[in-house]
Amino acid sequence: MRKLRIVTVLLTFLMACTSVVLADVGRGDRGSEVQFVQRLMITQGYLVDTADGVFGNNTEYAVRMFQKQNGLSATGKVDSDTLAAMKENNKKFAAAQQSRNVRNSVEVSRFGDRGRSVSDLQARLAHSGFSPGSIDGIFGNGTANALKRFQKANGLTVTGEVDSKTMELLAKERGIPTEYKKTMTMNATAYSAYDPGNSSYTARGNLLKRGYVSVDPDVIPLGTAVYVEGYGYAVADDTGGDIIGNRIDLAMDSHGEAIDFGRQTVKVYILE
């Protein structure tokens, strides 16, 4: 209970500090203004780092992700609109935390929760192909959005919260494969049929959708079944002019999902 009280006090403190950031802050800036932004991003699950007051790559990425997920221009800089949205989102996060504090059950199920159970939920989502971002034990926007995508894909009521039906399906999802030919560390990007200039079909003639990946056939032959950590099970079904060597492009169901994925280093399991 003491830990919960401390978290609640911290959230209340962050909401109260409305006059700390007065000017726009961005990459290269330092000081209390940056530290305040970092604390907001850490509390809301966007930044897995320390609030050191230095606006570096991790802080900029966290701000961009927040802006994208909240309908703001993804500049990576904190202007007045972004700061206002951060504070408003922090109020919702604090309210969710307060709600959790008074629950009779400690079962993790909603925005604002933290702990090992959240980490387990995030891992299950990632293994199912619905990446929540960092597996950090914090139920923030990334986890909520991944959960909503999972629920929509499985015909469930889209709430962004874990109910019994959602958990039942997640428990049935295949995890990391135990039998495979080899693993590869690859540079991954994402794409969709809705990206400008893209075809709606893969090189092998299938409708482009989640579950297909684009590869260099000299590295991974077309038709190969794979498992990509943070994405899930897929089939090498497509090629691309820029997909050469140790690169892989993951098909998504929307342009927004592809943009949010960005560039990542992933572990790929070759299954057959």
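The first residue in the sequence is number 1, and the count goes up from there. Computed over heavy atoms, backbone and side chain alike; hydrogens, waters and symmetry mates excluded.
Residues Gly240 and Ser214 come closest through the heavy atom pair N-OG, 3.4 Å. Closest approach of Ala236 and Pro221 over heavy atoms only: CB-O, 3.8 Å. In this structure, Ser80 and Asp24 approach most closely via the heavy-atom pair N-OD1, 4.0 Å. Contact between Val25 and Phe55 at its shortest, heavy atoms only, is O-CE1, 3.8 Å. The nearest pair of heavy atoms linking Gln69 to Asn141 is OE1-CB, 3.2 Å. Taking all atoms of both residues into account, the shortest heavy-atom contact from Lys181 to Leu271 is CG-O, 4.4 Å.
Formation of a donor-acceptor pair under 3.5 Å by the Glu88 side chain with backbone atoms of Leu83 is not found in this model. Counting only distance, with no hydrogens or angles, the side chain of Asp216 and the backbone of Gly245 share a donor-acceptor pair below 3.5 Å. No donor-acceptor pair under 3.5 Å is formed between the side chain of Arg27 and the backbone N or O of Gly56. Between the side chain of Glu161 and the main chain of Phe111, no donor-acceptor pair closer than 3.5 Å is present.
Under the 4.5 Å side-chain criterion, counting only non-hydrogen atoms from C-beta, Ile248 is in contact with Val268. Put simply, the side chain of Phe66 reaches to within 4.5 Å of the side chain of Asn89, judged on heavy atoms. The shortest distance between side-chain heavy atoms of Asp29 and Glu33 does not fall below 4.5 Å. Two residues are said to be in side-chain contact when any heavy atoms from C-beta on lie closer than 4.5 Å; Ile220 and Met184 meet this criterion. Side chains of Arg263 and Asn187 form no contact here, defined as non-hydrogen atoms less than 4.5 Å apart. The shortest side-chain heavy-atom distance between Thr82 and Asn70 does not fall under the 4.5 Å cut-off. Two residues are said to be in side-chain contact when any heavy atoms from C-beta on lie closer than 4.5 Å; Ile270 and Thr224 meet this criterion. Residues Val235 and Val213 form no side-chain contact, since every pair of their non-hydrogen atoms from C-beta on lies 4.5 Å or further apart.
One hydrophobic cluster holds both Val228 and Phe261 under the rule that ILVMFWY side chains link at heavy-atom gaps under 4.5 Å. If you chain together hydrophobic residues whose side chains sit under 4.5 Å apart, Tyr61 and Met86 fall into the same group. Transitive grouping of hydrophobic side chains (ILVMFWY, heavy atoms separated by less than 4.5 Å) brings Leu156 and Met167 into a common cluster. Using a 4.5 Å cut-off between side-chain heavy atoms of Ile, Leu, Val, Met, Phe, Trp and Tyr, with links allowed through other members, Tyr212 and Tyr227 fall into different hydrophobic clusters. No path of Ile, Leu, Val, Met, Phe, Trp and Tyr side chains, each step under 4.5 Å between heavy atoms, connects Leu250 with Leu208, placing them in separate hydrophobic clusters.
No side-chain donor from either of Gln35 and Asp52 sits under 3.5 Å from a side-chain acceptor of the other. Checking Asp253 against Tyr194 by side-chain atom types alone, no donor-acceptor pair falls below 3.5 Å. In the model, Glu257 has no side-chain atom that pairs as donor or acceptor with a side-chain atom of Ser192 under 3.5 Å. Inspection of the Thr202 and Asp238 side chains reveals no N or O donor paired with an N or O acceptor under 3.5 Å.
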Q | Audit row: Val34, Val54, side chain to side chain contact (heavy atoms under 4.5 Å, CB included) steps and yes/no | A | CA-CA 6 Å; Val34 175; Val54 180; 5.7 Å; no
Q. Under the side chain to side chain contact (heavy atoms under 4.5 Å, CB included) criterion, do Leu222 and Val215 qualify, and how do the steps go?
A. CA-CA 8 Å; Leu222 291 180; Val215 298; 4.1 Å; yes
Q: Please step through side chain to side chain contact (heavy atoms under 4.5 Å, CB included) for the pair Tyr233 and Val226, ending with a clear verdict.
A: CA-CA 6 Å; Tyr233 289 86; Val226 299; over 6 Å; no
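Here the straight-line distance linking atom CD of Gln151 with atom OG1 of Thr166 works out to 4.0 Å at 0.5 Å rounding. Note that OG of Ser32 and CZ of Arg39 are 9.0 Å apart. Values are rounded to the nearest 0.5 Å. The distance from atom OG1 of Thr183 to atom NZ of Lys267, rounded to the nearest 0.5 Å, is 4.5 Å. Note that OH of Tyr191 is 12.5 Å distant from CG of Asp242, once rounded to the nearest 0.5 Å. With rounding to the nearest 0.5 Å, the separation of CD1 in Ile42 from CD1 in Ile138 is 8.5 Å. Atom CZ of Arg64 sits about 13.0 Å away from atom CG of Leu72, to the nearest 0.5 Å.
Around atom CZ of Arg30, no more than 12 heavy atoms belonging to other residues, nucleotides or ligands sit under 6.0 Å away.
With respect to the salt-bridge test (charged N to carboxylate O, under 4.0 angstrom), the residues Glu60 and Lys77 do not qualify.
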